[in-house]
Amino acid sequence: MSFPSVQDQLTVIKRGTVEIVPEDELIQKLETSKKTGKPLTIKLGCDPTRPDLHLGHSVILRKLRQFQDLGHQAILIIGDFTALIGDPSGQNKTRPPLSTEEININAKSYLDQAGKILDLDKLRIVYNSDWLGEMNFEDVIRLSSKLTVARIIERDDFSKRYNNNEPISLHEFLYPLAQGQDSVHLKSDVELGGTDQKFNLLVGRHLQQQNDQPPQVCLMMPLLVGTDGSQKMSKSYDNYIGIDENPNDMYGKVLRIPDDLIYSWYELLTDIDEKELPEYKKKAESDPRNTKHELAHHITQMYHGETAADEARRYFEQTVINKEIPDDADVLSFPPGSTHRLLDIIAQAGLTSSNGESKRLMKQGGVSLDDVKITDKNFELKIESGSEFHLKVGKRNFAILKAEN
RNA sequence: GGGGGGAUACCAAAGUGGCCAACUGGGGCAGACUGUAAAUCUGUUGGCGUAAGCCUUCGCAGGUUCGAAUCCUGCUCCCCCCA
């Protein structure tokens, strides 16, 4: 196996990376690997409690993919055993454990989605129940003796919860140990994680040293800021863009991010060449509108291809900029001569979740028929033979109403 | 084991017998403005109903009362202090 030069590898590895602990060890490992032709073992743990991957997850998955492309051995750990605990990192609550079936279903769905980013043919996939599930109580006690309480409660999320009088269950303390044990078992050279994983990654290093192994290098990626522009992308904040999301939504959502996110998204989410990044930084400031369009197109293209991305741009221009009804809007047919309350039509089309919501929207001017706002909640629509109406509810729900032929 | 405090809508947090579908803030949604946003301003934020009104909701289960988120009983969960 021949690898690119250490310098070239480093350039790729360091893109977007927040911290490498310690960097000189990484360089050493890369040098040895190049000399001996032996790939490094790169470990990434995934949490099968959340089946839906979003662009936030893609940051780290892309980093793993880069290691794959450099010729190293990527290992994806399905944390089916650690899911019994639920990673307390960044949480302010204890997580409810999932059942085994749920975890299995989620793990499968995770792989389906991660396959869009990783090279599955070269990926080694392991389940940590294979070794963690084999440990008996004595093993656990021995393992727990390797970490002090002082060390663990100095962790930000724990100390915060503790000081806020929020509950912390004892088993949550075991999470970092379990994750660290994964590193020992796999003899990993590098472990990837978000910045919120720093503590867990360092415990892995610590445990490997305790087991007379060369300690892993910890590589931290930033947490992608979500579409709201303030918090990390996360399903629970509803500021995410799913990897599986349809092209139109993906494009529209990217376009709605705050301007000052543009550059970091370019850096973390696209495969634009490192050398071109500074140029994009300038463009993001001088011409945010077009640069963001380009970003939206680029990201959509990565997951859905060129044609779909073009189509998504067109859809956006049509529906949002020109405020026209999309070509593929649902069509509802009514017998000619019949009369219907608009309220009922909206309900029938499933454009809102309740009649109350429909009434509210109408009152507030959020419902229009052929570009005319309908504010009377009792508005009745008569369908004549051959008539056609364009119905818009809220910012982006549409339907075409037609007379039956 | 003992003592004290707490559980309210998406989140935070008022309310302590009728004026409570429940103050307020955040978030969300909608409108105006825009570049698609952000910022700002406005409105809105349980369900059904054209409406009057009805139904469901304040940890869970019962009870008192004409009437309960508010009082009583039991239960569950959480936090703090002491041991």
Side-chain angles (χ1 to χ4, degrees), chain A residues 90-97 158-170 172 225-241 247-265 283-300 309 312-324 326 339-348 350-369 371-381 391-398:
Chain A
Q91 295 289 315
N92 46 21
K93 277 180 188 152
T94 306
R95 290 215 203 149
F158 280 140
S159 57
K160 257 191 207 139
R161 282 164 63 185
Y162 190 73
N163 290 330
N164 288 340
N165 295 339
E166 281 156 6
I168 302 170
S169 297
L170 196 53
E172 293 180 71
V225 177
T227 53
D228 61 350
S230 56
Q231 284 175 294
K232 70 164 181 177
M233 185 175 282
S234 154
K235 208 177 173 191
S236 37
Y237 298 142
D238 197 22
N239 62 355
Y240 69 98
I241 300 176
N248 290 347
D249 287 345
M250 196 176 248
Y251 193 96
K253 282 191 182 182
V254 173
L255 214 50
R256 270 174 246 276
I257 63 171
D259 289 354
D260 49 8
L261 245 55
I262 299 174
Y263 175 70
S264 70
W265 279 39
K283 272 168 64 180
E285 280 163 27
S286 61
D287 184 10
R289 183 180 163 279
N290 289 320
T291 313
K292 210 192 285 181
H293 267 287
E294 216 180 301
L295 175 69
H297 188 273
H298 191 102
I299 290 177
T300 309
R313 165 173 282 173
R314 207 187 63 75
Y315 179 90
F316 188 87
E317 284 168 354
Q318 182 178 28
T319 59
V320 182
I321 297 178
N322 299 328
K323 299 184 196 307
E324 289 164 11
T339 303
H340 307 267
R341 281 198 312 157
L342 191 55
L343 201 63
D344 296 329
I345 293 175
I346 294 171
Q348 190 187 332
L351 299 176
T352 60
S353 53
S354 71
N355 281 355
E357 189 185 343
S358 304
K359 288 180 194 167
R360 211 178 296 134
L361 281 169
M362 290 170 97
K363 193 178 154 198
Q364 299 183 139
V367 174
S368 60
L369 208 53
D371 286 330
V372 180
K373 282 182 188 174
I374 307 293
T375 49
D376 173 15
K377 61 188 172 194
N378 294 321
F379 182 85
E380 302 222 342
L381 181 64
L391 173 65
K392 186 179 177 207
V393 178
K395 278 197 210 294
R396 35 189 177 272
N397 292 303
F398 310 91

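Residue numbers begin at 1 in each chain, while the letters A, B, ... track the order of the sequences. The shown structure was predicted, so the numbers you read here are calculated from the model rather than taken from an experiment.
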(request) Using only side-chain N and O atoms of Arg256(A), determine if any of them is under 4.0 Å from OP1 or OP2 of A37(B). (result) yes
(request) Report yes if some heavy atom in the side chain of Ile241(A) is under 4.5 Å from a heavy atom in the side chain of Ile299(A); otherwise report no. (result) no
(request) Rounded to the nearest angstrom, tell me the gap between atom CD in Glu317(A) and atom P in U34(B). (result) 19 Å
(request) Might you point out which heavy atoms bring Lys232(A) and Asn239(A) nearest each other, and give the distance in Å? (result) O-ND2, 3.1 Å
(request) Check whether any side-chain heavy atom of Asp259(A) lies under 4.5 Å from a side-chain heavy atom of Lys292(A), and answer yes or no. (result) yes
(request) Return the stems involving RNA chain B, sorted by first number, where pairs are Watson-Crick (N1-N3 with N6-O4 or O6-N4) or G-U wobble (N1-O2 and O6-N3), both under 3.5 Å, and runs are 3 or more long. (result) B:1-7 with B:76-82, B:10-12 with B:24-26, B:27-32 with B:40-45, B:46-48 with B:53-55, B:59-63 with B:71-75
(request) Write down the distance separating the P atoms in G63(B) and C11(B), rounded off to the nearest Å. (result) 29 Å
(message) Under 4.0 Å, heavy atoms only, any strand: does Lys377(A) hit a base, just the sugar-phosphate, or nothing?
(response) sugar-phosphate
(message) Rounding to an integer number of angstrom, what distance separates A32(B) and A39(B) when you compare their C1' atoms?
(response) 14 Å
(request) Measure from CD on Glu357(A) to P on G49(B) and round the result to the nearest Å. (result) 14 Å
(message) Using a 4.0 Å cut-off on heavy atoms, which residues in residues 360-367 of chain A reach RNA chain B? List them by number, or say none.
(response) Arg360(A), Leu361(A), Gln364(A), Gly365(A), Gly366(A)
(message) Please compare Lys395(A) and Phe316(A) by the position of their nearest nucleotide in RNA chain B and report the one closer to 5'.
(response) Lys395(A)
(message) Judged by each residue's nearest nucleotide on RNA chain B, which is more toward the 5′ side, Val393(A) or Ser353(A)?
(response) Val393(A)
(request) Could you give the distance separating A61(B) and A68(B) at their C1' atoms, to the nearest angstrom? (result) 16 Å
(message) I'd like the C1' distance from G59(B) over to U8(B), given in whole Å.
(response) 10 Å
(message) Is there a side-chain contact between Lys373(A) and the phosphate of A32(B), meaning an N or O under 4.0 Å from OP1 or OP2?
(response) yes
(request) Could you work out the separation of A51(B) and U57(B) based on their P atoms and round it to a whole Å? (result) 23 Å
(message) Any base atoms under 4.0 Å from Lys359(A), or only sugar-phosphate, or nothing? Heavy atoms, all strands.
(response) base
(message) From CZ of Arg313(A) over to P of G35(B), roughly how many Å is that when rounded to an integer?
(response) 17 Å
(request) Rounded off to whole Å, could you give me the CG-to-C1' distance for the Asp259(A) and A38(B) pair? (result) 7 Å
(request) Ignoring backbone atoms, test whether Asn355(A) places a side-chain nitrogen or oxygen under 4.0 Å from the OP1 or OP2 oxygen of G47(B). (result) no
(message) What is the distance, to the nearest angstrom, from the CG atom on Asn239(A) to the P atom on A37(B)?
(response) 17 Å
(request) Using side chain to side chain contact (heavy atoms under 4.5 Å, CB included) as the criterion, point out the one residue from Val393(A), Leu391(A), Leu369(A) that pairs with Ile374(A). (result) Leu369(A)
(request) Could you pull out the closest heavy-atom pair between Tyr240(A) and Ser234(A), with the gap in Å? (result) CD2-O, 3.9 Å
(request) Calculate, to the nearest 0.5 Å, the distance between atoms CG and NE2 belonging to Asp287(A) and His293(A) respectively. (result) 10.0 Å
(request) Give Ile257(A) one of three labels, base, sugar-phosphate or nothing, depending on what nucleic acid heavy atoms sit under 4.0 Å from its own. (result) sugar-phosphate
(message) Rounded to whole Å, please give me the gap between CG in Asp260(A) and C1' in A38(B).
(response) 8 Å
(message) Please find the pair of heavy atoms, one from Thr227(A) and one from Pro258(A), that lie closest to each other, and give the distance.
(response) O-CD, 3.4 Å
(request) On the 0 to 90° scale, with breaks at 30° and 60°, tag the Phe316(A)-Tyr251(A) ring pair as parallel, tilted or perpendicular. (result) tilted
(request) With heavy atoms under 4.0 Å as the rule, sort Asp238(A) into base, sugar-phosphate or nothing. (result) nothing
(request) Provide the distance between the two C1' atoms, one in G15(B) and one in A22(B), to the nearest whole Å. (result) 8 Å
(request) State, yes or no, whether a side-chain contact exists between Glu285(A) and Tyr263(A) at a heavy-atom distance under 4.5 Å. (result) no
(request) Sticking with atom P, work out how far U16(B) lies from A38(B), rounded to a whole angstrom. (result) 38 Å
(message) Is the shortest side-chain heavy-atom distance between Asp376(A) and Met362(A) below 4.5 Å?
(response) no
(request) Report yes if a donor N or O on one partner sits less than 3.5 Å from an acceptor N or O on the other, where the partners are the side chain of Asp228(A) and the base of G27(B); otherwise report no. (result) no
(request) Grab the CD-C1' distance between Gln231(A) and C11(B) for me, whole Å please. (result) 11 Å
(message) Can you confirm whether Glu294(A) sits close enough to Lys283(A) that some side-chain heavy atom of one is under 4.5 Å from a side-chain heavy atom of the other?
(response) yes
(message) From CD1 of Ile262(A) over to P of A38(B), roughly how many Å is that when rounded to an integer?
(response) 13 Å
(request) With heavy atoms under 4.0 Å as the rule, sort Asn378(A) into base, sugar-phosphate or nothing. (result) sugar-phosphate
(message) Could you tell me how far C82(B) sits from C75(B) if I compare only their P atoms? Round to whole Å.
(response) 27 Å
